[in-house]
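Data first, discussion second: the structure below is written as structure tokens.
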Amino acid sequence: IFVHADSANFAYGPLKGRLLANVEVDPNQRVSIVVKSDKIIYSSESGDEQEFYDIATKMKIDGESILLDRYTLRIRDNEYINRFYATKPSYLGYSDGLLEVKELWVNDQIRVVGSYHLPTQKGKIKLDAHRFVYKNKDLDLTSKVDLNIKVDRDGYYIFGKLKLLDATS
């Protein structure tokens with residue numbers, strides 16, 4: 001089965017925008033998805049909106065396993081941290097409200113592992129990078145990242161080390 005969708009007014013739950021998607025289901029019920037969007041808006045329950053631009057991803061779903069082959073996106077109104085991507089494959093799992101991050105790459109440098117339980121809004125996430133390079137118009141820095149994040153309804157609690165290896169401004 002192959003489905004192609006192109007919607008200028010896509011809306012699903014808190015998401016709305018333009019969406020182009022190709023979905024293919026093989027005889028073994030494995031699903032391949034390619035998604036592109038020039039703009040998607042996320043509206044929170046409190047009414048806040050966050051805009052995402054230049055979204056593109058390719059993924060495969062096989063039962064509870066998700067392979068995120070690659071992705072890219074930009075976030076509006078943040079000139080310092082606004083582009084996220086991965087060309088390295090990332091591996092996720094989902095079952096009974098539990099999102100398991102087996103290995104997710106951020107900008108091909110930061111490895112993320114952990115889990116998040118959607119119904120309780122609780123989780124634990126670990127970020128690590130032996131060498132994370134970050135550049136923008138004001139600075140150029142290299143750091144080592146070893147952070148643990150505890151997530152719950154009340155907020156984010158961050159523990160660990162962020163070691164500066166090199167910096168220029």
Side-chain angles (χ1 to χ4, degrees), residues 13-15 17 31 33-37 39-46 48-169:
L15 301 173
V31 181
I33 303 169
V34 176
V35 175
K36 293 183 180 181
S37 177
K39 180 179 174 183
I40 295 281
I41 300 170
Y42 170 81
S43 300
S44 70
E45 291 178 6
S46 64
D48 294 330
E49 288 189 345
Q50 180 64 62
E51 295 179 10
F52 300 92
Y53 294 95
D54 304 330
I55 301 163
T57 187
K58 181 180 178 186
M59 69 178 81
K60 293 184 181 185
I61 302 170
D62 186 2
E64 297 174 351
S65 298
I66 303 165
L67 166 63
L68 190 58
D69 189 53
R70 64 180 181 266
Y71 71 89
T72 184
L73 64 95
R74 284 188 316 108
I75 299 175
R76 180 189 67 123
D77 291 339
N78 188 333
E79 64 186 76
Y80 293 101
I81 303 175
N82 68 3
R83 185 170 183 264
F84 296 92
Y85 70 92
T87 59
K88 295 180 178 182
S90 298
Y91 302 93
L92 310 168
Y94 182 80
S95 178
D96 298 323
L98 181 67
L99 176 62
E100 183 181 358
V101 180
K102 298 174 183 178
E103 185 173 62
L104 174 70
W105 290 98
V106 177
N107 296 4
D108 283 346
Q109 299 177 79
I110 299 177
R111 182 176 167 265
V112 180
V113 296
S115 62
Y116 182 76
H117 191 247
L118 278 70
T120 62
Q121 298 178 358
K122 293 183 178 184
K124 293 181 180 177
I125 302 166
K126 178 168 181 55
L127 289 85
D128 77 67
H130 296 292
R131 190 169 174 81
F132 175 64
V133 177
Y134 175 78
K135 296 178 183 183
N136 70 21
K137 63 180 185 159
D138 297 325
L139 67 113
D140 181 351
L141 65 85
T142 304
S143 61
K144 181 176 181 176
V145 178
D146 183 10
L147 299 174
N148 291 291
I149 303 169
K150 179 182 172 191
V151 181
D152 69 32
R153 290 197 159 113
D154 300 324
Y156 302 91
Y157 305 92
I158 302 171
F159 309 92
K161 295 179 182 178
L162 186 60
K163 182 178 181 181
L164 184 62
L165 301 175
D166 186 32
T168 57
S169 60

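Because only heavy atoms are used, hydrogens play no part in the values below, and waters and symmetry mates are left out as well, while side chains stay in. Residues take their numbers from the sequence shown, with the count starting at 1.
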Report task. Take atom NZ of Lys60 as the centre, draw a 6.0 Å sphere, and report whether it contains more than 12 heavy atoms from other residues, nucleotides or ligands. Result -> no
Report the distance from atom [atom1] of [X] to atom [atom2] of [Y], rounding to the nearest 0.5 Å.
X      : Y      : atom1 : atom2 : value
Lys102 : Ser90  : NZ    : OG    : 12.5 Å
Arg131 : Lys144 : CZ    : NZ    : 12.0 Å
Tyr85  : Asp54  : OH    : CG    : 15.0 Å
Gln50  : Tyr42  : CD    : OH    : 10.5 Å

Search all heavy atoms of [X] against all heavy atoms of [Y] and return the closest pair with its distance.
X     : Y      : result
Val34 : Lys58  : CG2-CG, 4.0 Å
Ile33 : Ile61  : CD1-CD1, 3.8 Å
Gly97 : Pro119 : O-CD, 3.4 Å

Is any side-chain heavy atom of [X] closer than 4.5 Å to a side-chain heavy atom of [Y]?
X      : Y      : result
Ile125 : Val101 : no
Leu147 : Phe159 : no
Ile75  : Phe84  : yes
Lys39  : Glu51  : yes
Phe132 : Leu165 : no

Query raised in the report: Is the side chain of Asn107 donor-acceptor paired with the backbone N or O of Gln109 at a distance under 3.5 Å, no angle test?
Result: no
**Report entry** Under 3.5 Å donor-acceptor, Asp108 side chain and Thr87 backbone
**Finding:** yes
Query - salt bridge (charged side-chain N to carboxylate O under 4.0 Å, His left out) contacts touching residues 114-126 (sequence neighbours left out) - result: Lys126-Asp146
Query raised in the report: Can Asp128 and Arg111 be counted as an ion pair, charged N to O under 4.0 angstrom?
Result: yes
Enumerate donor-acceptor pairs with a distance under 3.5 Å from any side-chain N or O in residues 64-73 to protein atoms, sequence neighbours excluded.
residue: Glu64; atom: OE2; partner: Ser95; partner atom: OG; Å: 3.2
residue: Tyr71; atom: OH; partner: Trp105; partner atom: O; Å: 2.5

